[in-house]
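Remember, predicted model here, so these are calculated numbers, not experimental data.
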Amino acid sequence: MNTYYDANTGGKIPTGLPGGFFIYEADDDEEKILFAETNVCKLYGCEDFKEFMEYTGGSFKGMVHPDDLHRIENQIQAQTVFGEKRHDYVRYRILTKQGEERYIEDFGHLLHWLNGKSFFYVFIIDVDKNEFFNRSRNSFAEAEILSHNNETDQLTGLFNMSFFYHKIQLLLNSYEGRRKDFSFIHFDIPNFKLFNERHGFKRGDELLCDLAKTIRDTFKGATVARFSDDHFFVCTADDKQKVIDRVEKVYKQMLMTEDPNKKVRIKAGIYFLDDRYAEVGLACDHARLACNSIKGRHDINYCIYDEMLREQLRKQQYVVDHIDEAVENGYIKVYYQPVIRVRTGEICGYEALVRWSDPKIGILSPADFIETLEQFHLIHIVDKYVVKRVCEDYKALKEAGEPVVPMSVNISRLDFELCDIFGIIENIRAEYDVPREMLDIEITESALNDNVGYIKSECDKMKAQGYHIWLDDFGSGYSSLNTIAEYDFDVLKLDLVFLRSLDHNPKTAVLMKFIMQGARAMGLAPLCEGVETAEHFEFLKKAGCERAQGYFFGKPMPMDVSRAFTKGKGLTWEEAPVSE
């Protein structure tokens, strides 16, 4: 039977209502409860206020389901402390003392005393589960509040990008903020799309929530946000060493998870704010760029944005802005390095390599611009240019009556996506009347991990037309002998890391002989690059290597310079391809 109880405030309150009101301190980190009327205590399965305080720990934090707490605190803070209103509307779950899960609507109002102390005066009501998940916003008041409740990420409960920008910019512009040293950290899960493909989107969402909780728990007191996908940002006033220690802790925590499928090696970029009037977006960009700079590195898990990286990024931007100009004005130069037939000691080919001779910043090596052009999907501009120059040089040698040998060109994996690279090669070759057997195609092993079916079909098409296809850089990454069996290559090019290792590790000799023997058995001609000494060349002779390349025979040079240099060394060109 429903009854009333005396509120000791001049009136009575019905018992048995599915809700009530309570008050808690807004300024206290513990969010201490000051008052909760009887219906609220009953809602939590408690007989009286004393039992309710013991069960909740006397804190608003203890009233909310732990899985909903961080999201709810962010939403309340966003709507009141940093919003333009003093009230909030949120929905969350609670657990009664008996373990029952209930669904709550919460309408709170932020009140302030004259002395500056603040309190939340909150009305909550137990709602039906279906109503809890209803977002149709039937009432005008609910519609008005929920329409502004877009400050948090629904999946993780963290702030979203727009609110993170808003909150931190206010903080940076404040008097208090200008007295603090802030740091921005960007966390990223490498190859997250691949994780989703392998394990499904549900497991991917679980991983994102795990990372969000790990970052939040590690960076206590900081502002944490999820911008999109697997991109998380933190702004904290911790000292620099503590920031680094916490980044390392997040990295280790993600590797210590009990679920082996969720063990991921996250990457982080750190930017220690050095401009008091910087925009939040620029600070986040610096942290993101620092993180992106190590995505391909397996030896480090975080990078700090510093002057060296700043200069690297300036150079990167210069490359992007001036690549068209460099091609048009001939700043891109094609150099040639001779390839030697090991059995005869004659020059049996050249590899075309690219350099950038810029009138403003000098010589740029491939390491200075190739990766940048790939990152910005501009590499096909250079690769098409190199094919054209190689064909021009071949035709000039032929017309001058000089001995000619095949020349090889390097093709990026992105060329297959950005253009019809083999169609372009065929058209340029035909234009300069270069025989197909005199223009070899080098494809790096790492390229074969992307779009396998399409690349294989394109290689098969070129083979059928008479081109020779080389597998470049074998051994530089995660090499697989199975890769060799999947494709119909003509040459297997061993990366220079083998000969460098040979100098101090005798076991490398056994490995190299095994690889070369297996290559020959599958119809591939083994070629080893990185030959720098007479001892290297002697080893390759005994090991049965068929072609060799390296500084011992000549560095990459312009064609006329290279031919003059090798002539001076007494090297000659084979007259026709030698049967291998």
Ion pair present between [X] and [Y], side-chain N to carboxylate O less than 4.0 angstrom?
X      : Y      : value
Glu351 : Lys493 : yes
Asp490 : Lys463 : yes
Lys456 : Asp488 : no
Glu197 : Lys193 : no
Glu574 : Arg341 : yes
Asp210 : Lys262 : yes

[X] side chain to [Y] main-chain N or O, any donor-acceptor pair under 3.5 Å?
X      : Y      : answer
Asp393 : Val390 : no
Asp153 : Thr156 : yes
Thr218 : Ile215 : no
Ser293 : Ala290 : yes

Just how far is it from atom [atom1] of [X] to atom [atom2] of [Y], taken to the nearest 0.5 Å?
X      : Y      : atom1 : atom2 : value
Thr533 : Asp503 : OG1   : CG    : 6.0 Å
Asp495 : Arg500 : CG    : CZ    : 8.0 Å
Met438 : Asp433 : CE    : CG    : 12.0 Å
Ile244 : Ser183 : CD1   : OG    : 9.0 Å
Glu437 : Tyr467 : CD    : OH    : 10.0 Å
Lys395 : Arg429 : NZ    : CZ    : 13.0 Å

Which pair of non-hydrogen atoms, one from [X] and one from [Y], has the smallest distance, and what is that distance?
X      : Y      : value
Ile421 : Ile411 : CG1-CD1, 3.9 Å
Leu494 : Met516 : CD2-CG, 4.4 Å
Pro406 : Cys348 : CD-O, 3.4 Å
Pro526 : Gly544 : CG-O, 4.3 Å
Lys267 : Pro190 : CG-CG, 3.5 Å
Tyr251 : Ile266 : CD1-O, 3.5 Å

Test salt bridge (charged side-chain N to carboxylate O under 4.0 Å, His left out) on Arg246 and Asp238; report intermediate values, then the result. CA-CA 10 Å; Arg246 289 185 172 184; Asp238 289 333; 2.6 Å; yes

May I ask you to check whether [X] and [Y] show a side-chain donor-acceptor distance below 3.5 Å?
X      : Y      : value
Ser457 : Asp460 : no
Tyr271 : Arg288 : no
Asn427 : Glu431 : no
Ser412 : Glu374 : yes
Tyr432 : Glu392 : yes
Ser408 : Glu442 : yes
Trp356 : Asp358 : yes
Thr257 : Asp259 : no

With heavy-atom distances below 4.5 Å as the criterion, would you say the side chains of [X] and [Y] are in contact?
X      : Y      : answer
Glu546 : Arg520 : yes
Leu373 : Val382 : yes
Leu208 : Phe195 : no
Phe369 : Ile323 : no
Arg547 : Val491 : yes
Asp440 : Met407 : no
Asn261 : Arg203 : yes
Tyr487 : Ile443 : no

Return each pair, listed once, that meets ring-ring contact (aromatic ring centres under 6.0 Å, His included) where at least one residue sits in residues 317-344; pairs must be two or more places apart or across chains. Tyr318-His322

Within residues 371-411 or reaching into it, pairs that qualify as ring-ring contact (aromatic ring centres under 6.0 Å, His included) - sequence neighbours excluded: none

Apply side-chain contact (heavy atoms from CB on, under 4.5 Å) to the pair Ile185 and Tyr302, showing each step before the final yes or no. CA-CA 10 Å; Ile185 306 101; Tyr302 73 86; over 6 Å; no

Using the ring of each side chain (for Trp, its six-membered ring), is Phe233 parallel, tilted or perpendicular to His186, with breaks at 30° and 60°? parallel

Parallel, tilted or perpendicular, as decided by the 30° and 60° cut-offs, for the rings of Phe164 and Phe227: perpendicular

For residues 551-562, which side-chain donor-acceptor pairs fall under 3.5 Å, sequence neighbours excluded?
none

Test side-chain hydrogen bond (donor to acceptor under 3.5 Å, both in side chains) applied to Lys461 - qualifying residues, sequence neighbours left out: Glu458

The side-chain hydrogen bond (donor to acceptor under 3.5 Å, both in side chains) partners of Glu325 (sequence neighbours excluded) come to none

In sequence, state the C-alpha distance, the side-chain angles, and the governing distance for Met512 and Leu540, and then conclude on side-chain contact (heavy atoms from CB on, under 4.5 Å). CA-CA 9 Å; Met512 291 181 68; Leu540 295 180; 4.2 Å; yes

Establish, yes or no, whether a centroid distance under 6.0 Å links the rings of Tyr305 and Phe272. no

Salt bridge (charged side-chain N to carboxylate O under 4.0 Å, His left out) between Asp188 and Lys295, intermediate numbers included: CA-CA 9 Å; Asp188 178 87; Lys295 277 193 173 181; 3.7 Å; yes

Please assess Lys202 against Glu206 for the test salt bridge (charged side-chain N to carboxylate O under 4.0 Å, His left out), listing each intermediate value before the final yes or no. CA-CA 6 Å; Lys202 183 176 182 297; Glu206 292 175 0; 2.9 Å; yes

Going by side chain to side chain contact (heavy atoms under 4.5 Å, CB included), Cys303 matches just one of Ile294, Asn292, Ile270. Which one? Ile294

In terms of heavy-atom contacts, does CD of Gln465 have more than 12 from other residues, nucleotides or ligands at under 6.0 Å? yes

Answer yes or no: are there more than 12 heavy-atom neighbours, outside Lys507 itself, under 6.0 Å from its atom NZ? no

Residues forming a ring pair (Phe, Tyr, Trp, His ring centres under 6.0 Å) with His468, sequence neighbours excluded: none

